[in-house]
Amino acid sequence: MIPVAFDYTAPSSVADAVSALGSDSEEIKVLAGGQSLIPVLRLRLAAPTLLVDIGRIPELRGITDEGDALVIGAMTTHAEVADSDLVKEHAGVLAKATEAVADPQVRHRGTLGGSLVHADPAGDLPAPILALDAELVIAGADGERTVPAANFFHDMFATAVGDREILTKVRIPKHTGWGAHYEKFTRVAQQWSIVAVAATVKVDGGSISAAKVALTNMGATPIRATGVEQALLGRAAAGDTVKQAASSAAEGTNPPTDTNGDASYRRHLANVLTGRAVLAAAAN
Amino acid sequence: MAQISIKVDGVEYADAVEPRTLLVHYLRDQVGKTGTVVGCDTSNCGSCTVHLDGTSVKSCTVLAVQADGHEVTTIEGLAKDGELHPMQQAFHENHALQCGFCTPGMVMQSIDLLRDNPSPTEEEVRHGLEGNLCRCTGYQNIVKAVLAAAESAPVRIGTAGGTL
Ligand SMILES: Cc1cc2nc3c(=O)[nH]c(=O)nc-3n(C[C@H](O)[C@H](O)[C@H](O)COP(=O)(O)OP(=O)(O)OC[C@H]3O[C@@H](n4cnc5c(N)ncnc54)[C@H](O)[C@@H]3O)c2cc1C
Ligand code: FES
Ligand code: FES
């Protein structure tokens with residue numbers, strides 16, 4: 001289908017974009033890579049009167065090394081994140097999760113910022129961002145503010161980014177030397193996660209000295225499996241001990257029931273996939 | 001209306017479009033590149049795949065205004081002087097199509113796949129075509145064609161405007 005008619009503006013700076021969002025009389029949508037928004041417009045599930053395209057703002061693109069952290073511009077594409085040597089080295093679990101998103105064409109257009117603000121419970125990037133204790137920088141009329149990932153995801157499709165604001169960048173503390181894995185469970189190609197697990201661990205002398213685990217699609221927002229993280233500390237990075245620690249992954253979650261599986265099946269998946277994700281992370 | 005200028009298959013176009021115009025509709029209805037087709041409403045099928053500045057995109061999921069100032073290559077821009085592009089030739093020789101509806105998108109994505117990974121395994125070919133659906137062939141001969149094109153050496157895969 002053809003979207004409803006809207007006005008369009010493509011500012012060249014964040015300041016101009018924020019002022020374009022300021023108008024109260026309009027139903028405004030920010031357009032990033034368009035890989036979620038354009039399908040929504042085509043199906044006429046949204047009818048904005050103005051699109052503010054942030055794709056022509058150079059300061060929103062790119063990956064920079066800031067010493068103890070990586071900073072990724074919101075408009076950096078999935079393909080750029082997945083291919084980046086900096087991301088692979090210092091935030092491996094984000095690189096692996098990004099490779100698992102959609103298909104090559106969508107990864108050429110879709111952006112990290114767009115995925116995080118879209119906040120689909122089955123989206124693959126919120127969980128690694130939460131696991132890596134990232135910080136998100138948001139620009140609005142009152143200037144810039146920084147929100148930790150733990151406070152960013154409010155509900156299904158709802159984040160700390162307000163209607164008149166723009167997510168500008170993501171700051172990720174370096175996890176250099178940590179093993180990483182993203183275990184995504186789907187039934188068919190090019191599918192959203194039924195359940196997925198982002199795991200990154202530090203192994204010293206065969207035992208786990210630090211572990212971060214987050215779950216995709218086990219509730220309205222991504223969830224840290226803190227019980228598992230604690231149970232893994234000091235344990236051998238091997239089969240049975242890891243599986244035992246992972247068996248509490250689904251505690252405190254609230255997974256959906258839908259045509260891909262009911263809540264109890266998802267709880268089972270979360271435990272099994274967490275074990276696999278941690279073992280694979282510890283092995284690389 | 002918005003004014004855009006886009007290079008399509010090597011030719012410059014300057015046109016007025018409504019901001020809501022999808023790139024695929026601009027290509028088909030205004031430029032006349034009906035070789036690029038629309039197969040779905042949900043961005044899943046990949047039949048509309050073109051190259052935007054040398055990388056594959058689903059042209060139903062890009063607005064024409066987003067492509068302003070950029071360069072597009074469609075299936076119609078591949079053959080040179082009556083000679084099929086090596087990927088088209090490989091599809092032809094390996095019987096990689098039946099109804100042919102998915103073929104424009106399959107060929108464009110297959111070229112992108114080899115640009116990214118010139119010697120893929122069978123598994124990597126299947127994975128790289130994840131965003132393109134075929135209702136006829138069962139994919140076997142498509143995978144065969146891409147592997148054959150990769151082997152038959154000089155698939156010259158340039159970026160936009162290059163020697164596609
Ligand atoms: C066929 C298909 C399969 C897919 N499969 C997967 C998958 O398996 N896993 C997965 O995680 N995703 C998947 N996606 C979604 C894809 O990852 C999108 O790229 C992503 O959800 C949105 O990013 P975008 O840049 O395209 O954002 P857009 O579509 O442009 O925007 C999405 C929403 O976020 C808002 N927004 C975007 N950027 C900003 C910003 N910087 N500041 C404020 N608001 C902003 C927009 O207003 C809009 O509401 C799939 C998409 C398609 C079409
Ligand atoms: S028409 Fe189906 S993905 Fe574009
Ligand atoms: S040949 Fe008919 S859809 Fe692929």
Side-chain angles (χ1 to χ4, degrees), chain A residues 1-12 28-57 75 77-80 82-83 99-111 114 184 186 188-192, chain B residues 1-4 17-26 29 38 40-70 105-106 108-113 115-117 124-134 139:
Chain A
M1 274 174 24
I2 297 170
V4 294
F6 46 74
D7 290 327
Y8 171 86
T9 180
S12 56
I28 307 177
K29 272 283 182 194
V30 170
L31 173 66
Q35 301 304 291
S36 292
L37 183 56
I38 294 176
V40 161
L41 295 174
R42 287 175 74 193
L43 296 170
R44 299 208 172 187
L45 297 172
T49 56
L50 172 66
L51 284 201
V52 177
D53 180 356
I54 58 171
R56 294 183 193 263
I57 304 178
M75 279 302 299
T77 64
H78 301 324
E80 287 161 351
D83 278 353
E99 271 172 31
V101 170
D103 55 52
Q105 293 99 312
V106 171
R107 291 196 294 273
H108 287 146
R109 297 290 297 170
T111 67
K184 173 169 174 171
T186 58
V188 297
Q190 191 211 51
Q191 195 184 9
W192 293 76
Chain B
M1 297 294 257
Q3 198 64 34
I4 58 169
V17 296
E18 276 193 89
R20 63 171 163 169
T21 307
L22 304 174
L23 178 59
V24 70
H25 290 142
Y26 171 71
D29 302 343
V38 179
C40 74
D41 252 332
T42 51
S43 303
N44 286 107
C45 77
S47 64
C48 63
T49 301
V50 300
H51 295 175
L52 182 59
D53 294 339
T55 51
S56 59
V57 301
K58 294 178 175 177
S59 62
C60 71
T61 317
V62 177
L63 300 174
V65 284
Q66 290 179 291
D68 179 25
H70 296 275
M106 283 288 179
M108 296 313 284
Q109 181 52 28
S110 299
I111 293 171
D112 187 271
L113 196 163
R115 177 188 57 80
D116 193 47
N117 178 3
E124 287 167 341
V125 172
R126 291 185 184 278
H127 206 64
L129 296 177
E130 195 175 359
N132 294 73
L133 305 182
C134 177
Y139 301 97

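In what follows, every chain begins at residue 1, and chains take the letters A, B, ... in the order their sequences are listed. Small disclaimer: the values here were computed from a predicted structure and weren't measured.
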Let me confirm one number: the [atom1]-[atom2] distance from [X] to [Y], rounded to the nearest 0.5 Å.
{"X": "A/R44", "Y": "B/D41", "atom1": "CZ", "atom2": "CG", "value": "10.5 Å"}
{"X": "B/K58", "Y": "A/I38", "atom1": "NZ", "atom2": "CD1", "value": "12.5 Å"}
{"X": "B/T61", "Y": "A/R42", "atom1": "OG1", "atom2": "CZ", "value": "5.5 Å"}
{"X": "B/E18", "Y": "A/D7", "atom1": "CD", "atom2": "CG", "value": "10.5 Å"}

Option that, when pairs with chain B are counted at under 4.5 Å, heavy atom only, ranks first among A/V106, A/L51, A/L31: A/L31
Looking at A/D103, A/D53, A/L43, which has the largest count of heavy-atom pairs under 4.5 Å with chain B? A/D103
Which atoms of [X] approach chain B - backbone, side chain, both or neither, heavy atom under 4.5 Å:
{"X": "A/A10", "answer": "neither"}
{"X": "A/L37", "answer": "neither"}
{"X": "A/A102", "answer": "backbone"}
{"X": "A/V4", "answer": "backbone"}
{"X": "A/L41", "answer": "neither"}

A/D83: partners by salt bridge (charged side-chain N to carboxylate O under 4.0 Å, His left out), with sequence neighbours left out: none
Which atom of [X] lies closest to which atom of [Y], heavy atoms considered:
{"X": "B/P19", "Y": "A/Y8", "answer": "CB-CB, 3.5 Å"}
{"X": "B/S43", "Y": "A/P39", "answer": "OG-CG, 3.2 Å"}
{"X": "A/R56", "Y": "B/V65", "answer": "NH2-O, 3.1 Å"}
{"X": "B/G131", "Y": "A/Q190", "answer": "CA-NE2, 3.5 Å"}

Note: vs chain A, highest number of non-hydrogen pairs under 4.5 angstrom among B/N44, B/T42, B/T21, B/V38 is B/N44
Relative to chain A, which segment of [X] carries a heavy atom at a distance below 4.5 Å: side chain, backbone, both, or neither?
{"X": "B/T49", "answer": "side chain"}
{"X": "B/V62", "answer": "both"}
{"X": "B/L129", "answer": "neither"}
{"X": "B/C40", "answer": "backbone"}

Just by modelled atom types, is the B/S56 backbone N or O under 3.5 Å from a matching donor or acceptor in the A/H108 side chain? yes
Is it the case that the side chains of A/Q105 and B/N132 hold a donor-acceptor pair, with the cut-off being a distance below 3.5 Å and no angle test? yes
